[in-house]
Amino acid sequence: DYQTELLRTKLQIRVSSKLIPPPILSFSSCCLPQKLLQNIESTGYDMPTPIQMQAIPAALRGNSLLASADTGSGKTASFLVPIVSRCASYRLKHFHNNKNPLAIVLTPTRELCIQVEDQAKLLGKSLPFKTALVVGGDALAGQLHRIRQGVELIVGTPGRLIDLLRKHDINLDDIMMFVLDEVDCMLQRGFRDQVMQIFRALSQPQVLMYSATISIDIEKMAKSLVKDIIFVTIGQPNQ
Ligand code: ADP
Ligand code: MG
């Protein structure tokens, strides 16, 4: 409606579809678990940033997104908050089931993965939400063991995750959310085949893709990957 349009204009949020909920103005206005709200507060976040205002309610509703927002604008929490919320709720509801992983976040580097996992741990504190890091430099056995014990989220680099999947039986049937951080890099030659290989092993997860800049090529690839993908852009249109 008009109010939503006005709000988006003011926040410099552009969306490619009307089938996306309005931006939230506070973390407490979108039915997040109480413990998650407390964790967000302990992290020191008072107000959501514009990308968080728009991406969090959309991702909570199950929309697949291709989102672009400047470096340092809080993209990480904009996918981790919905991941923690959806995965912890799922686990509480299906506590008698197996403990297969529920979400995967892929990033191009070990360092980025470590940062993302650290933030995920903080946001998931005191909730049924555990994480596993799957990156080079540490023993594969330990990473496998951690997953086997039961985690909700795997954060990894594509090469290392493929290595793990090739050598060991990891059940990805319950993966409901798949995130590509730095997607401009992740869908470029070099990473693209590995990312596609992992994506094909999943059964139609919600897909969230993030980057500071997004080219027409990436938009095309995103559309061919997920047909009902919604584009979200924060700030001035880039080149
Ligand atoms: P991006 O991935 O968009 O480059 P990050 O997710 O790494 O950005 O966030 C950049 C910094 O902003 C981090 O230090 C993060 O903790 C902080 N941050 C994220 N969201 C908020 C918020 N709502 N309020 C205050 N600081 C935030
Ligand atoms: Mg980032």
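These numbers come from the heavy atoms of this one structure, side chains and all, not from hydrogens, waters or symmetry mates. Counting starts at 1 for both ligands and their atoms, following the listed order.
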remark   = For atom 23 (N) of ligand 1, the closest protein heavy atom turns out to be M47 O, 2.7 Å
task = Please name the pair of heavy atoms, one in P48 and one in S26, separated by the smallest distance, quoted to 0.1 Å.
result = CD-CA, 3.8 Å
query = To which protein heavy atom is atom 8 (O) of ligand 1 closest, and what is the distance rounded to 0.1 Å?
reply = G74 N, 3.2 Å
message = I need the contact type for D70 against ligand 1. Using non-hydrogen atoms and a strict under-4.0 Å cut-off, is it side chain, backbone, both or neither?
response = backbone
ask   = Could an N or O of ligand 1 be found under 3.5 Å from any N or O of G44, whether backbone or side chain?
value = no
key: Verify atom 14 (O) of ligand 1: protein non-hydrogen atom under 4.0 angstrom away   = no
query = Quick one: nearest non-hydrogen protein atom to atom 20 (N) of ligand 1, plus distance?
reply = Q52 NE2, 2.8 Å
ask   = For the residue pair S29 and I24, what are the closest heavy atoms and their distance?
value = OG-CB, 3.5 Å
message = If the threshold is 4.0 Å, N to carboxylate O, is there a salt bridge linking K223 and E219?
response = no
query = Tell me, which protein residue and heavy-atom name are nearest atom 5 (P) of ligand 1, and how many Å apart are they?
reply = T76 OG1, 3.5 Å
inquiry  = Tell me which one of R86, R91, K130 satisfies side chain to side chain donor-acceptor pair (under 3.5 Å) with E152.
reply    = R91
remark   = When every non-hydrogen atom of L36 is compared with those of L123, the smallest separation belongs to CD1-O, 3.4 Å
ask   = Atoms of ligand 1 less than 4.0 Å from T71 heavy atoms?
value = 4 (O)
query = Only one of I51, V81, L80 clears side chain to side chain contact (heavy atoms under 4.5 Å, CB included) with I56; which?
reply = V81
remark   = ligand 1 to S73, heavy atom cutoff 4.0 Å, flagged ligand atoms 1 (P), 3 (O), 8 (O)
inquiry  = Return the closest protein heavy atom for atom 16 (O) of ligand 1 as residue, atom name and distance.
reply    = Y45 OH, 2.6 Å
query = Any N or O of G72 that comes nearer than 3.5 Å to an N or O of ligand 1?
reply = yes
ask   = Stepwise, does the side chain to side chain contact (heavy atoms under 4.5 Å, CB included) test hold for S42 with L122?
value = CA-CA 9 Å; S42 319; L122 290 176; over 6 Å; no
key: T49 versus G74, closest heavy-atom pair with distance   = OG1-CA, 4.3 Å
